[in-house]
Every structure is written in C-alpha cells, then in structure tokens.
Undergrad: 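I have a structure I would like to understand better, so I am pasting it below and will then ask my questions one at a time.
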Amino acid sequence: MRTVERGEVLWHWERPRVSYVFPPAALFVVGILHLISAALALAIAYRLLRTYSTTRQPLLLSVGVSFALIGFAYAFAGVSGVLAVPGAHWAKPIQAFLLLTSCILSTFGYVLLLMSYVANRLGVLAFVAHPLYWSDVVSAIALVLSSAFAPRGRFRVGYVCMGLGHLIRAVSLRLGVLDVYVVGDLLKVFGVLVILAHVMSR
Amino acid sequence: MRRKYRGTISLILDILNTLRKLGKATASELSYGSRVPYDRLKPILKELTAKGYLIVEESEGRSYYKLSEKGTRLIEELERVKSMLEDLGFKP
C-alpha cells in the first residue's frame with residue numbers, strides 16, 4: 001500500500017496492483033491494522049518456536065516458521081502503509097521495496113502453512129518440516145531448470161554444478177550421510193564462482 | 001470404535017499428565033495409564049529424562065519416573081500450544 005501520484009512511474013511489480021490513488025489517511029489506518037496483525041502473528045510464532053526449542057516437534061517448527069514469515073510480511077506491509085505521509089517522496093522507494101519483500105515473505109509463509117496442514121493430516125510432518133532439506137530440493141529444481149535456459153558453456157556448467165550441489169546436499173540430509181553434504185557445498189560454490197567470474201569478466 | 005488420532009505433542013502431554021496424576025510410575029504403568037504403546041513410550045521417556053523434564057529413581061530394582069519442576073512447566077506450555085494448534089485446525 002502506498003500513495004501514487006498522477007504521472008508517477010511505478011516499479012514493474014506494482015503495476016497490476018496499484019490502479020488508483022489511495023488516500024494517505026486510509027493507507028495509514030490499513031498500515032496500523034497490518035502492524036497489529038504482524039505483532040499477533042509474531043507472538044504466536046514466538047510461542048510455537050520457543051516450545052519447539054524444548055520439544056523438537058516438527059509441527060511446531062513448520063507452523064512457527066509460517067507464522068514468523070507471515071508476521072514479518074505484515075510488518076513490512078504495515079510500515080509501508082504508515083510511511084504513506086503526504087509529500088514524503090523520499091519514502092516511495094522504501095515503500096515499494098517493503099511491499100515487494102512483504103509479498104515474497106507472505107507467499108512463502110502461506111505455502112509453508114498449507115504444506116504443514118497437508119503433512120499434518122498425512123502424518124509425514126518430520127519429512128516436510130525439514131527446512132534445510134526443502135530449501136535444497138527447491139533450489140536444485142530451480143537451478144537445473146534455469147540451466148536449460150542459460151546459454152551453452154560456462155553459464156550452463158555453473159548452473160548445473162549449483163543444482164547438483166544442492167541435490168547432493170538434499171540427498172545427504174535425507175539419508176543422514178552428512179559427510180557427503182560438504183561435497184554438495186563445494187560443487188555449489190564452484191558453480192556460483194564459475195558464473196560470477198564469467199559475468200565479471202565482461 | 002476407532003480411537004482418535006494423537007500426534008506426538010498430545011502423546012507427550014498425556015504421558016506427563018499421567019505422571020502428574022500418579023506422582024511416580026514405572027514405564028509399564030505409564031504405558032498403561034497414558035495408553036501409549038511401550039515401544040513408542042520408551043524413546044519419549046528417554047528424551048524427556050535427558051532434557052531434565054523427568055527424574056528417574058531406582059527402587060527395588062525398578063526404575064520409577066517422576067516429574068521435575070521443569071516438566072511441570074512443560075505441561076503448561078504444551079497445553080497452551082496444543083490448544084493453539086487445535087484452534088488452527090492441526091492435529092498436534
């Protein structure tokens with residue numbers, strides 16, 4: 001939420017969202033409501049994660065992290081709304097980036113919450129609630145798919161190495177063979193260095 | 001009649017509440033009192049003891065479990081969190 005002035009050039013991610021001008025007072029009120037929601041969500045997350053730290057129950061971790069992500073997302077959206085002070089041009093880029101971060105965080109939070117519900121009903125929560133494992137699985141898929149679009153040569157090699165590295169890390173975590181984890185890490189960092197060195201050499 | 005599903009959080013809570021009611025109990029008594037199968041109970045007891053929620057006392061060649069002060073606090077915390085999760089639609 002932020003005020004948009006006539007003729008103002010919007011960030012591309014805002015275009016479908018901001019189609020008319022909101023009055024700053026309304027944005028301020030909505031921002032405060034977001035901040036209250038954020039405080040409640042973060043309080044719930046804190047309670048769940050505190051209990052997780054003593055009991056190590058995966059349900060507490062997955063739901064706690066979901067609420068933490070949603071809480072931070074609402075906090076960012078709230079701050080963005082509160083910054084809707086008339087004439088505060090300096091605040092506009094801050095508001096825009098807070099909104100973008102808020103969208104990304106809330107999406108992750110909602111998806112994790114949905115996964116927690118499904119996994120809780122299926123009784124496979126220990127599997128789903130391993131954040132390191134899921135982070136590696138999703139990263140590996142994203143990188144291997146990205147390699148298909150990258151130009152041939154070092155770029156593609158870099159993406160494939162990174163993807164394989166994440167895949168090895170995921171497998172080592174899943175199987176509990178943590179000695180292999182470092183091999184995945186090395187492959188990943190080799191891949192990223194290949195790509196970054198190639199880009200910087202331009 | 002089919003028994004209601006209990007997640008690990010509910011199991012831990014049932015074990016701790018049974019222990020609070022009995023004062024002290026052997027693993028078999030706890031298994032019977034909390035209706036948790038012995039093979040599922042044993043690792044939970046081991047973990048709770050290692051973390052200081054339970055105290056083990058040896059008497060007449062048998063191991064008796066007792067709630068520690070930390071364990072009593074854990075019951076309150078787990079009850080709050082359990083009702084929170086149930087309100088959200090989870091089966092803790």
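Per chain, numbering begins at 1; letters A, B, ... match sequence-line order. The basis for the numbers below is simple: all heavy atoms, side chains too, and nothing from hydrogens, waters or symmetry mates.
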Undergrad: Answer yes if the side chains of A:Ser62 and A:Ser116 hold a donor-acceptor pair under 3.5 Å, and no otherwise.
TA: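 The criterion, which ignores hydrogens and geometry beyond distance, is satisfied for A:Ser116 and A:Ser62.
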Undergrad: Can you list the residues of residues 75-85 of chain B that sit under 4.5 Å from chain A, counting heavy atoms only?
TA: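 At a heavy-atom separation under 4.5 Å, chain A is reached by B:Glu77, B:Leu78, B:Arg80, B:Val81, B:Met84, B:Leu85.
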Undergrad: If you look only at pairs with a residue in residues 62-92 of chain B, which of them pass as a ring pair (Phe, Tyr, Trp, His ring centres under 6.0 Å), with sequence neighbours excluded?
TA: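 Matches after skipping sequence neighbours: A:Tyr117-B:Phe90.
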Undergrad: Need one label for A:Tyr52: side chain, backbone, both or neither, based on atoms under 4.5 Å from any heavy atom in chain B.
TA: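 No part of A:Tyr52 comes within 4.5 Å of chain B.
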Undergrad: Pick one of side chain, backbone, both or neither for B:Leu48, based on which atoms fall under 4.5 Å of a heavy atom in chain A.
TA: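 Nothing of B:Leu48, per the 4.5 Å heavy-atom cut-off to chain A.
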Undergrad: B:Arg20: which residues meet the side chain to side chain donor-acceptor pair (under 3.5 Å) condition with it, sequence neighbours left out?
TA: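 Result, side chain to side chain donor-acceptor pair (under 3.5 Å) vs B:Arg20: B:Asn17.
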Undergrad: Check whether A:Arg50 gets within reach of chain B through its side chain, its backbone, both or neither, counting any heavy atom under 4.5 Å.
TA: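 Both parts, backbone and side chain.
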Undergrad: Using the salt bridge (Lys or Arg N to Asp or Glu O under 4.0 Å) rule, collect all pairs that involve residues 53-66 of chain B, keeping only residues at least two apart or in two chains.
TA: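 Every salt bridge (Lys or Arg N to Asp or Glu O under 4.0 Å) pair that includes a residue of residues 53-66 of chain B, provided the two are not neighbours, is B:Glu57-B:Lys66.
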Undergrad: Check A:Gly109 against A:Ser66 and note the closest heavy-atom contact, atom names and distance.
TA: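 What the structure gives for the nearest pair is O-CB, 3.6 Å.
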Undergrad: Please verify the inter-ring angle class for A:Phe72 with A:Phe76; under 30° counts as parallel, over 60° as perpendicular, anything in between as tilted.
TA: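 Because their plane-to-plane angle lies in the 30° to 60° range, the rings of A:Phe72 and A:Phe76 count as tilted.
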Undergrad: Checking A:Trp90 against A:Leu83 for the side-chain contact (heavy atoms from CB on, under 4.5 Å) test, could you report, in this order, the C-alpha distance in whole Å, the side-chain angles of both residues, the deciding distance, and whether it holds?
TA: CA-CA 10 Å; A:Trp90 56 269; A:Leu83 283 175; 4.1 Å; yes
